[in-house]
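To start, the structure itself, in structure tokens.
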There are 2 protein chains.
Amino acid sequence: MSDDVRTAILKASLELIDENGLRAFSMREAARRAHVSHQAPYHYFPDRESILAELVRNGFEQLHTYMSAGSTPADTAAERLERMGEAYIRFAIEHRALFRLMFRDEMVDIGHHPEAKAAADRSFHLLVEAVVGPSPSGEIADPAPILAVWSIAHGLASLELEGKLQHLFGERTPQEWKQIFSEVVRTVIPARG
Amino acid sequence: MSDDVRTAILKASLELIDENGLRAFSMREAARRAHVSHQAPYHYFPDRESILAELVRNGFEQLHTYMSAGSTPADTAAERLERMGEAYIRFAIEHRALFRLMFRDEMVDIGHHPEAKAAADRSFHLLVEAVVGPSPSGEIADPAPILAVWSIAHGLASLELEGKLQHLFGERTPQEWKQIFSEVVRTVIPARG
DNA sequence: GCTGCGCCCTGACAGTGTCAAGCCCGTCGG
DNA sequence: CCGACGGGCTTGACACTGTCAGGGCGCAGC
């Protein structure tokens with residue numbers, strides 16, 4: 001039964017940040033929405049950051065799903081990269097608050113939360129394989145091409161989420177943005193050796 | 001005289017985030033460091049966000065200095081872009097907390113602070129000119145090439161600041177990172193038409 | 001029948017941003 | 001010379017936060 005409370009707290013926490021941004025999350029408000037006392041969350045999580053870390057872990061698992069859905073092995077490497085970049089950006093836009101949380105290390109220091117870190121590593125490994133081909137060993141000889149595709153996707157997603165693009169390029173429909181994103185990704189990705 | 005208090009509060013605020021991250025900032029602690037009461041800041045700023053907005057404005061002015069220092073008109077366009085990207089990333093690394101603050105719209109909503117927005121726009125205009133050449137009119141026909149160079153620089157800087165690069169690629173010296181950054185920037189930037 | 005423990009509660013504390021009100025002192029009009 | 005005024009800063013209070021301390025209730029096992 002008690003897992004009900006745990007999942008209710010997580011659900012309430014995610015709703016809070018989805019509805020009103022990262023600053024809207026508080027343990028006491030999450031507890032209120034889960035209809036438990038302000039101390040009940042401490043029975044399942046050692047502290048505030050651990051609640052968020054669980055959301056981050058789930059987030060990276062969802063991101064993994066997005067990215068792997070976009071990469072069927074039959075295609076060329078360039079096409080896979082393009083679809084993976086689009087999937088990364090689509091995830092960011094469809095889960096705005098969660099994406100921000102996943103990359104804000106002053107809110108969740110991933111080094112303190114091994115399960116979240118493991119999930120993040122799995123997503124990252126998907127990207128590495130798409131760039132350099134299947135490589136079971138974790139070693140990365142040349143980071144530059146991997147960084148190039150990751151940076152472009154992450155940079156675009158970040159600038160969009162922080163409102164810099166609407167702000168500077170004017171309002172556009174989501175459809176138009178998708179078009180522009182594709183163009184940018186396609187412009188840049190074939191450039192790596 | 002009273003400007004002394006104002007600048008002392010700003011100085012204390014910047015020190016706080018520099019020393020212990022964005023979460024370390026509080027009005028009361030900044031007031032304490034400025035040796036004034038916890039309400040003195042309200043005499044100069046309407047609220048907490050306005051203090052941070054002033055830091056953001058100063059930050060964008062510094063970023064503008066970094067970027068324009070890297071673009072002397074005699075060079076080729078590609079070289080200018082490369083140096084500007086490096087300057088952008090160098091600014092981020094030399095002012096980690098400030099850079100984060102400048103791009104966190106849930107901490108400072110730039111739309112509510114016209115002076116900060118104006119400073120941000122000036123930096124942005126520098127980038128636009130470097131990509132499409134001098135264009136006094138604010139109109140941007142094709143956002144894709146501008147977005148490409150901005151995203152790569154912003155993505156690299158963000159991933160570095162959030163600790164994702166050390167974390168996944170291992171520890172490297174700042175010198176090595178600079179080398180890798182240059183390589184990435186050079187890989188990507190010539191790719192635009 | 002007693003003990004222990006999982007599960008959840010109430011209560012308290014220091015810290016926060018912000019509203020309200022007051023105090024000190026230089027300036028200025030009469 | 002004196003009284004009102006207002007800029008610059010203060011103390012006090014409020015609701016809210018995360019977290020520590022401790023209690024109570026119901027069930028399992030001895």
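Naming convention: chains lettered A, B, ... in sequence-line order (proteins, then strands); numbering from 1 in each chain.
In this model, the phosphate group of C:dT18 is approached by a side-chain N or O of B:Y42 to a distance below 4.0 Å at OP1 or OP2.
Looking at every heavy atom in both residues, A:V108 comes nearest to A:L52 through CG2-CB, 3.4 Å. Scanning all heavy atoms of the two residues, the minimum distance from B:I89 to B:A153 falls at CG1-O, 3.8 Å.
The B:M27 side chain lies nearest to C:dG17 when the options are C:dG17, D:dT19, D:dT17.
Rounding to whole angstrom units, NE2 of residue A:H43 and C1' of D:dC25 are separated by 13 Å. Residue A:L52 contributes atom CG, which lies 10 Å from atom P of D:dG18 at whole-angstrom precision. The nearest whole Å value for the distance from the CZ atom in A:F45 to the P atom in D:dG18 is 14 Å. Look at CZ on A:R23: it is 12 Å from P on D:dG18, rounded to the nearest Å. The nearest whole Å value for the distance from the CE atom in A:M107 to the P atom in D:dG18 is 10 Å.
Note on A:E15 versus A:K11: salt bridge recorded, some NZ/NE/NH1/NH2 to OD/OE distance being below 4.0 Å. A salt bridge is defined here as a Lys NZ or Arg NE, NH1 or NH2 lying under 4.0 Å from an Asp or Glu carboxylate O, and B:R96 with A:E106 fails to meet this definition. A salt bridge is defined here as a Lys NZ or Arg NE, NH1 or NH2 lying under 4.0 Å from an Asp or Glu carboxylate O, and A:R23 with B:E49 fails to meet this definition.
A ring-centre distance under 6.0 Å is found for B:F99 and B:H154.
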Below 3.5 Å between N/O atoms, which protein atoms pair up with nucleotides 21-23 of chain C? Just atom names and distances, please.
none

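Using cut-offs of 30° and 60° for the angle between ring planes, the A:F169 and B:F124 rings count as perpendicular.
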Inset, instruction - Summarise how protein sits on nucleotides 9-15 of chain C as a single string, 5' to 3': B when a protein heavy atom is under 4.0 Å from the base, S for sugar-phosphate-only contact, - for no contact. - result: BBBB---
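In this structure, CD1 on B:I152 lies 12.5 Å from CG on B:L81, to the nearest 0.5 angstrom.
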